[in-house]
Number of protein chains: 2
Amino acid sequence: MPSTTRPGPAIRTLPEPAGLPEPLPEPAVEDLRLETVLGALSDPLRLTIVRKLLLESEAFDHTCGWFGLDRPKSSLTHHFKALREAGVTRQRQYGLERRSHVRVADLEARFPGLLALVAAWTPDES
Amino acid sequence: MPSTTRPGPAIRTLPEPAGLPEPLPEPAVEDLRLETVLGALSDPLRLTIVRKLLLESEAFDHTCGWFGLDRPKSSLTHHFKALREAGVTRQRQYGLERRSHVRVADLEARFPGLLALVAAWTPDES
DNA sequence: TGCTAAGTTCGATTCTGTTCGTACTGTGTC
DNA sequence: GACACAGTACGAACAGAATCGAACTTAGCA
């Protein structure tokens, strides 16, 4: 049992820099479910996204386009939404763009070590 | 890249106690894929199975029946097979019974910390 | 004002997984 | 030998997820 189970009524956001746009709807830290997060990460494309965010950025948010994924936009919307709704990423709307970053602190608090596995992952080289 | 990528033609089994029945077909350690393992673990019933194996046994193998799962046999066969084919569990045939245990060493070698998350998991209490 | 670009929404299709009934297989026992 | 029992195999029904085209929304800009 995580000791963070009872911080009262679901807090949705974390203290982050400042004056940023509101994050799009996402599960609160204490509502993160292992099975849901694992499900979101059980897809190579989404692993690619999260790993790229972990390794090649972490400065700050990135747009869909930044990833250079060769898929139609509607497919990307789908996957980014899946990641966000599982609680893996946080998305913010900056004008036209929707930028994402990994909820490192939240995930590390609830599932320590999980992100390290994602960072160490390599796509199937077959 | 895992450094264990080229031990020649896939070795299928590990040195275990002795004179045990051959394990049913399973992926070799170096063929374990994160996305596949996560997919296998993204199901509450299978998380229950693996967690129970980790916490309440680890002495040695257990039959399907031992888990006391309230599902038809054909469903259980399906889930146990999914776990085995993903490389999470190893199964051996003992006469009539098919017994399972978690491939702790293999998983720990490839995905360190993952099993700890499963052990810490609790079913949705809603 | 009207274009362009980022991304969404919707809906259709396809794929994959789950669930489970029924029939089957093989071992041990009386 | 015949029965019970653990578990599989097969196949159908269903559910949910992936994929993606097409039409839409909206901010910024010329």
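Residue numbers start from 1 in every chain, and the chains themselves are labelled A, B, ... in the order their sequence lines are given, proteins ahead of strands.
Of the side-chain N and O atoms in B/R71, none sit less than 4.0 angstrom from OP1 or OP2 of C/dT18. The side chain of A/S75 places no N or O atom within less than 4.0 Å of a non-bridging phosphate oxygen (OP1 or OP2) of D/dA18. The phosphate of D/dT19 (OP1 or OP2) has a side-chain N or O of A/H79 nearer than 4.0 angstrom.
A straight line from CG of B/L69 to P of D/dG7 spans 11 Å, rounded to a whole angstrom. The distance from atom CG of A/L45 to atom P of D/dT19 is 7 Å, rounded to the nearest whole Å. When the P atom of D/dA17 is taken as reference, atom CD of A/E85 falls 10 Å away, rounded to whole Å. Rounding to whole angstrom units, CZ of residue B/R92 and C1' of D/dA6 are separated by 19 Å. Here C/dT18 presents its P atom at 18 Å from CG of B/D70, a figure rounded to the nearest Å. Rounded to whole angstrom, the span from the CG atom of B/D43 across to the C1' atom of C/dG17 amounts to 10 Å. Whole-Å rounding puts the A/L83 CG to D/dA17 P distance at 14 Å.
Side-chain atoms of B/V118 and B/V88, non-hydrogen and from C-beta on, never get closer than 4.5 Å to each other. Annotation: side chain of A/W66 is in contact with side chain of A/E56 (closest heavy-atom distance under 4.5 Å). Put simply, the side chain of A/L54 reaches to within 4.5 Å of the side chain of A/V104, judged on heavy atoms. A/F80 is listed as a side-chain neighbour of A/I49, based on a closest heavy-atom distance under 4.5 Å.
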Next on the checklist: Could you walk me through whether B/L34 and B/F111 satisfy the side-chain contact (heavy atoms from CB on, under 4.5 Å) test, starting with their C-alpha distance in whole Å, then the side-chain angles of each, then the deciding distance to 0.1 Å, before giving a yes or no?
Outcome noted: CA-CA 8 Å; B/L34 182 61; B/F111 312 119; 3.8 Å; yes
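Here the rule is salt bridge (charged side-chain N to carboxylate O under 4.0 Å, His left out) with B/E26, and of B/R90, B/R92, B/K81 only B/R90 fits it.
Pairing each heavy atom of B/R103 with each of B/V29, the nearest pair is NH2-N, 3.7 Å.
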Tabulated below should be each protein N or O lying under 3.5 Å from an N or O of nucleotides 8-12 of chain C; please produce it.
unit_1 : atom_1 : unit_2 : atom_2 : d
C/dT8  : OP1    : A/R98  : NE     : 3.4
C/dT8  : OP1    : A/R98  : NH1    : 2.8
C/dT8  : OP2    : A/T77  : OG1    : 2.2

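The side chain of B/E97 sits closest to D/dA6 out of D/dA6, D/dA27, C/dT19.
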